[in-house]
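These notes concern the structure reproduced below.
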Amino acid sequence: MHGTIDSAENVNQKAARDRAHSTPIEQFNPGDPELFRSDTMWPYFDRLRKEDPVHYCKDSMFGPYWSVTKYNDIMDIETNHSMFSSAASLGGITIRDVAPDLRRESFIAMDQPRHSAQRKTVAPMFTPTHLDQLAINIRKRSIECLDNLPKNDAFNWVDRVSIELTTQMLAVLFDFPWEDRRKLTRWSDIATTLPGPDGLVATEEERQAELLECATYFAKLWKERINQPPKSDLLSMMAHSEATRDMDPKNFLGNLILLIVGGNDTTRNTLSGSIYALNKNPDQYKKLRENPALIDSFVPEVIRWQTPLAHMRRTALEDIEFRGRQFKKGDKVVMWYVSGNRDEEVIDRPYEFIIDRARPRTHLSFGFGIHRCVGIRLAELQLKIVWEEIMKRFDNIELVEEPKRVYSSFVKGYETVPVRIAG
């Protein structure tokens with residue numbers, strides 16, 4: 001089976017390389033979601049890093065935009081808040097502009113000083129003491145989930161493990177009604193989906209209607225929390241904090257979506273990617289089996305290798321020259337984490353999956369600077385515990401066919417990862 005998968009994949013990658021090398025670079029549109037669905041964006045980014053690291057795409061389904069593709073250039077944009085804005089009012093943090101009447105602030109799509117005030121509200125969730133408490137819960141739920149997996153029958157790892165465990169975790173973080181927890185998965189997918197005939201929703205109107213359902217549901221929970229003494233869930237933290245207590249409805253929904261997507265997509269897609277990475281690199285899987293202590297460096301390596309969010313976007317606040325290119329005020333600047341994480345000038349043998357790398361945390365998957373992901377430690381903890389429990393139980397989780405990837409150049413993830421566990 002594996003031979004067939006791999007040869008089909010190699011043909012696909014070779015065709016992509018040929019296309020990337022025969023297309024004039026000024027015609028590149030690295031944000032095309034189809035490149036991500038087919039996993040063929042790599043040769044385009046390779047060429048951009050070498051020949052045109054700050055690249056202008058004049059026309060795309062997302063309008064014109066700049067691509068920043070090298071690790072250190074991305075770091076420079078990330079840390080220059082006076083010139084590059086994350087504000088929702090200017091279009092937000094993704095390559096897709098949000099229509100002005102639908103723009104919703106969240107602390108990631110907000111500039112200083114309000115950004116830090118709102119972010120601080122949820123930070124106590126991620127302190128070492130609180131993470132120690134969450135770890136007990138994560139382990140219990142991981143054991144339960146893994147012990148119920150079928151043997152000898154193919155199943156979709158994304159649904160049975162990645163979605164199930166991350167959604168359970170989100171329900172715990174929000175103290176969300178347990179029986180409704182899959183709503184969180186749905187809202188996360190809806191928040192990042194591109195509407196279309198084959199999509200989760202056909203139109204933007206349908207997408208917005210579901211997001212408003214999310215807002216209505218959470219508003220009801222919010223009313224309960226605000227009238228109860230403060231507790232240690234995210235909703236209660238926001239309801240009782242000065243910086244977030246009086247958020248307008250758009251800011252409220254913006255922050256909810258941020259926490260749902262941040263708490264769900266990144267861990268979910270890295271958990272799916274970890275199975276894929278080990279199957280594609282059997283020597284590393286063998287290394288992990290022989291020395292499960294390598295889980296500590298395996299986790300950040302898989303986060304780098306997978307890069308669960310392909311990019312973040314900023315908006316230029318004024319005309320500025322950057323690496324010899326001229327950004328105009330209002331220009332959309334896309335920082336391609338997925339490309340920075342394959343930059344050979346910073347990361348040794350970046351295309352290789354090496355679970356005992358010397359510096360596995362040299363990656364951009366969580367962003368950098370003030371907007372660096374607030375839940376980094378929790379994401380790593382979840383992945384570490386799940387893999388500790390996997391290694392105790394299963395000698396091999398075998399990929400039975402190529403995964404189906406998400407149609408998105410923002411979320412770099414999987415719809416299906418079909419696997420089998422021998423009984």
Side-chain angles (χ1 to χ4, degrees), residues 5-74 77 91 94-97 192 194 196-199 276 280 304-316 321-328 331-347 349-352 364 402-414:
I5 293 178
D6 288 342
S7 55
E9 189 195 9
N10 291 341
V11 169
N12 194 15
Q13 295 299 346
K14 187 187 176 309
R17 251 194 323 276
D18 293 346
R19 267 196 312 277
H21 285 282
S22 59
T23 305
I25 208 158
E26 58 276 10
Q27 289 172 21
F28 275 22
N29 169 19
D32 177 0
E34 192 48 58
L35 293 175
F36 288 80
R37 177 157 59 187
S38 57
D39 195 38
T40 53
M41 67 289 186
W42 306 106
Y44 294 89
F45 285 121
D46 290 346
R47 246 191 99 185
L48 287 173
R49 282 194 307 278
K50 285 190 186 70
E51 298 172 36
D52 194 11
V54 180
H55 172 269
Y56 189 62
C57 173
K58 284 199 295 288
D59 184 35
S60 78
M61 65 192 285
F62 307 111
Y65 64 94
W66 290 95
S67 286
V68 182
T69 53
K70 294 184 77 147
Y71 191 104
N72 290 322
D73 292 351
I74 291 169
I77 301 264
T94 69
I95 189 170
R96 171 172 60 168
D97 267 319
T192 56
L194 292 165
D198 303 328
Y276 186 62
K280 292 287 158 190
R304 175 197 75 84
W305 185 89
Q306 175 59 32
T307 317
L309 290 178
H311 75 263
M312 281 285 166
R313 167 264 179 105
R314 298 290 182 260
T315 304
E321 184 181 322
F322 184 80
R323 304 288 182 270
R325 308 299 302 261
Q326 291 296 330
F327 294 164
K328 293 261 182 287
D331 278 0
K332 192 187 300 193
V333 180
V334 178
M335 304 177 290
W336 289 107
Y337 295 163
V338 66
S339 173
N341 280 344
R342 294 290 188 276
D343 186 344
E344 42 289 293
E345 285 179 21
V346 176
I347 296 161
R349 301 178 3 228
Y351 274 94
E352 292 177 45
L364 293 163
E402 273 296 297
K404 191 168 172 230
R405 292 180 171 82
V406 177
Y407 178 72
S408 169
S409 48
F410 180 58
V411 172
K412 187 170 165 291
Y414 305 87

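The model shown is predicted, which means the values in this text are computed figures rather than measured ones. In this chain, numbering begins with 1 at the start of the sequence shown.
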Donor-acceptor check, side chain of [X] to backbone of [Y], threshold 3.5 angstrom: yes or no?
| X | Y | value |
| --- | --- | --- |
| Lys332 | Trp66 | no |
| Thr307 | Ala310 | no |
| Asp343 | Tyr71 | yes |
| Arg304 | Asn341 | yes |
| Thr69 | Pro53 | yes |
| Arg313 | Thr94 | yes |
| Arg405 | Tyr414 | no |

side-chain hydrogen bond (donor to acceptor under 3.5 Å, both in side chains) contacts touching residues 19-28 (sequence neighbours left out): none
Is there side-chain contact between [X] and [Y], with heavy atoms separated by less than 4.5 Å?
| X | Y | value |
| --- | --- | --- |
| Ser408 | Phe36 | no |
| Leu194 | Phe62 | yes |
| Leu48 | Ile25 | yes |
| Arg96 | Met61 | no |
| Tyr65 | Pro30 | yes |
| Asp73 | Arg323 | yes |

side-chain contact (heavy atoms from CB on, under 4.5 Å) involving Lys58 - partner list, sequence neighbours excluded: Tyr56
If you round to the nearest 0.5 Å, how far is [atom2] of [Y] from [atom1] of [X]?
| X | Y | atom1 | atom2 | answer |
| --- | --- | --- | --- | --- |
| Leu35 | Met41 | CG | CE | 8.0 Å |
| Trp42 | Ser339 | CH2 | OG | 8.5 Å |
| Ile77 | Ile74 | CD1 | CD1 | 9.0 Å |

Pairing donors with acceptors under 3.5 angstrom, does anything connect the side chains of Trp336 and Ser67? yes
Polar contact flag, side-chain donor to acceptor under 3.5 angstrom, Tyr351-Glu344: no
Thinking salt bridges, do Lys50 and Glu345 make one under a 4.0 Å N-O criterion? no
Regarding Arg47 and Asp52, does a basic nitrogen lie under 4.0 Å from an acidic carboxylate oxygen? no
Can you confirm whether or not the ring centre of Tyr337 sits under 6.0 Å from the ring centre of His311? no
Chi angles and distances behind the side-chain contact (heavy atoms from CB on, under 4.5 Å) call for Thr315, Asp331: CA-CA 6 Å; Thr315 304; Asp331 278 0; over 6 Å; no
Is there a side-chain contact (heavy atoms from CB on, under 4.5 Å) between Thr40 and Glu34? Walk through the geometry before answering. CA-CA 8 Å; Thr40 53; Glu34 192 48 58; over 6 Å; no
Scanning both residues in full, the closest heavy-atom pair of His55 with Phe28 reads CE1-O, 3.2 Å
Minimal heavy-atom distance between Gly91 and Asp97, with the atoms involved, is CA-OD1, 3.6 Å
Report the C-alpha distance between Arg17 and Asp46 in whole Å, list the side-chain angles of each, state the deciding distance to 0.1 Å, and finish with yes or no for salt bridge (charged side-chain N to carboxylate O under 4.0 Å, His left out). CA-CA 10 Å; Arg17 251 194 323 276; Asp46 290 346; over 6 Å; no
Think Arg314 forms a cation-pi with Phe327, using NZ or CZ under 6.0 Å from the six-ring centre and within 45 degrees of its axis? no
